[in-house]
Number of protein chains: 2
Amino acid sequence: MAATNDAPKPGSDAPTDASDNMPVQGGEIRSLSNFLCFAIYSANLAFGRAYKPVLDPIGLTYTQYIALVALAQEDGQTVGALGEKLFLESNTLTPILKKLESLGFLERRRDPADERQVRMTLTAAGRRLLETDPGVAVAEAAELGDELADLQRAVADLRDKLLRAGRKVA
Amino acid sequence: MAATNDAPKPGSDAPTDASDNMPVQGGEIRSLSNFLCFAIYSANLAFGRAYKPVLDPIGLTYTQYIALVALAQEDGQTVGALGEKLFLESNTLTPILKKLESLGFLERRRDPADERQVRMTLTAAGRRLLETDPGVAVAEAAELGDELADLQRAVADLRDKLLRAGRKVA
DNA sequence: TCCGATTAAATCGGATGCGATGTAAATAGC
DNA sequence: GCTATTTACATCGCATCCGATTTAATCGGA
């Protein structure tokens, strides 16, 4: 029972069925947005579970891994800069970064020129960790094809539209 | 690659340059899967934030709303059945369902024929809530177009591949 | 029939997200 | 210069997620 990954239709791979799950037949739900937000919602959960077998052995959670990947882009990033990349704020990031520091994957240091800011750098151990590139194993296991890039673009566009809409209203 | 899209400087109002977000330049990251999982990850957060202005006034969280929508499909669903739709288990659902019950949006009752199971039904208040169809407002505010259906399908396929991969490994 | 699996929820603890608030450092304005 | 404001993190509390375990009910085989 290892996993939590029960999928619909236990005991079968249900061919590309239209197992859309969710607000579908029944005529109850009207908004297409509901379908899409649920698809994203569950796909995000699915990614977390797909990465788990790869991340568990190296002692990282899914979120910690994402943070490390973003940190690997550039040394000396501040919490705020990282937050812009990840769309997260210090209230969420600070505990995660402290955890990653305690695990020895990164260093946090106040910027001498501006003591308000905390700058972060991956340690050798942190960099080594990413070199195994866990994402590759996941992509292969899931047999993700080439539409990957297009889909990434479409989802990123969607995200940006949603964030723009939010700023308008608020 | 990924981010060349003129994303509108997400987290802030400052006209920061085209913040590409994530594993892009720098040549540090290799796997396309990383781009995609991050896009999904952040799109999910964005959906939650987009729905917030609509859901806050009616006193629901994003997850609670998703659960209600799934519950509206059919009366008398069990926790397990709902969990199959949402890819969640009782450890996550039970607290949420208890909360929704305490808010008066649904009823939970043990099945007399099998006391292990809990069956749920929306109350009139719960049904009324969904009739406002909050998703419509979000879709309009975000100006989501018609690709919506295609994207939903692509993301759902991705999710199913990931879940299948997880079952294989585990 | 009786007892050991199996099953469906629920509970518990750890790790996110996130709004609201706190704190210290830097900046603005006079 | 000196204070009011702003900025960058950090803290706190609540609401998810999720693995592991528990409890209660049902099922199954000898």
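Quick note: numbers below take in every heavy atom, side chains included, and nothing from hydrogens, waters or symmetry partners. Every chain is numbered from 1, with letters handed out A, B, ... down the list of sequences.
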Any sub-3.5 Å donor-acceptor pair from A:R119's side-chain atoms to A:R110's backbone N or O?
-> no
With heavy atoms under 4.0 Å as the rule, sort A:T61 into base, sugar-phosphate or nothing.
-> sugar-phosphate
Counting heavy atoms not belonging to A:E107, are there more than 12 under 6.0 Å from its CD?
-> no
Can you tell me if the side-chain N/O atoms of A:T94 get under 4.0 Å from OP1 or OP2 in D:dA10?
-> yes
d(CD, A:E101; P, D:dC9) in whole Å = 14 Å
Looking at A:S42 and B:R159, what are the two nearest heavy atoms and their distance?
-> OG-NH1, 2.8 Å
Classify the nucleic acid contact of A:L88 as base, sugar-phosphate or nothing, counting any heavy atom under 4.0 Å across all strands shown.
-> sugar-phosphate
Over how many whole Å does the gap from A:R119 atom CZ to D:dA8 atom P extend?
-> 11 Å
If D:dA15 has a Watson-Crick or G-U wobble mate with both distances under 3.5 Å, name it; if not, just say none.
-> C:dT16
Parallel, tilted or perpendicular: rings of A:F87 and B:F38 (30°, 60°) | parallel
Tell me which residues in residues 102-113 of chain A put a heavy atom below 4.0 Å from DNA chain D, sorted by number, or none.
-> A:R108, A:R110
Phosphate-side-chain proximity, A:K98 and D:dT11, N/O vs OP1/OP2 below 4.0 Å = yes
Would you classify A:D114 as touching base, sugar-phosphate or nothing, given that sugar-phosphate means primed atoms plus P, OP1 and OP2, and contacts are heavy atoms under 4.0 Å?
-> sugar-phosphate
Closer to the 5' end of DNA chain C via nearest nucleotide, is it A:E89 or A:P95?
-> A:P95
Sugar-phosphate, base or nothing in reach of B:I96, heavy atoms under 4.0 Å | sugar-phosphate
B:Q73/B:K85 under side chain to side chain donor-acceptor pair (under 3.5 Å): CA gap, chis, key distance, verdict = CA-CA 10 Å; B:Q73 275 187 75; B:K85 284 194 175 68; 4.7 Å; no
CD1/A:I66 to CG/A:L86 distance, rounded to the nearest 0.5 angstrom?
-> 7.5 Å
Donor-acceptor pair under 3.5 Å: do we get one between A:S90's side chain and the base of D:dA10?
-> yes
Relative to the 5' end of DNA chain D, which residue comes earlier, A:N91 or B:Q64, by the nucleotide with the nearest heavy atom?
-> A:N91
Taking atom CG of B:L71 and atom CZ of B:F105, what is their separation to the nearest 0.5 Å?
-> 12.5 Å
Under 3.5 Å, is there a donor-acceptor pair between the side chain of A:Q77 and the main chain of A:A70?
-> yes
Just how far is it from atom OG1 of A:T121 to atom CZ of A:R108, taken to the nearest 0.5 Å?
-> 12.0 Å
Atom-to-atom span, CD of B:Q117 to P of D:dT26 - whole angstrom = 10 Å
Quick one: A:L97 CG to D:dA8 P, roughly how many Å, whole number?
-> 16 Å
Do the side chain of A:R109 and the main chain of A:M120 share a donor and acceptor less than 3.5 angstrom apart?
-> no
Contacted region of DNA chain C by chain B, from 5' end to 3' end of the hits, cut-off under 4.0 Å to heavy atoms, spans C:dT7 to C:dG19
Protein-nucleotides 4-7 of chain D N/O pairs closer than 3.5 Å?
{"unit_1": "D:dT7", "atom_1": "O4'", "unit_2": "A:R116", "atom_2": "NH1", "d": "3.3"}
{"unit_1": "D:dT7", "atom_1": "O2", "unit_2": "A:R116", "atom_2": "NH1", "d": "3.1"}

Would the number of heavy atoms belonging to other residues, nucleotides or ligands and lying under 6.0 Å from CD of A:E89 be above 12?
-> no
Atom pair distance, as rounded to whole Å: CG in A:L93 and P in D:dA10 = 10 Å
Rounded to whole angstroms, how far apart are CZ on A:R49 and C1' on D:dC18?
-> 8 Å
Using the ring of each side chain (for Trp, its six-membered ring), is A:Y51 parallel, tilted or perpendicular to A:Y65, with breaks at 30° and 60°?
-> tilted
Tell me: NZ of B:K52 to C1' of D:dC14, nearest whole Å?
-> 12 Å
Separation of D:dC17 P from B:K99 NZ (nearest whole Å) = 15 Å
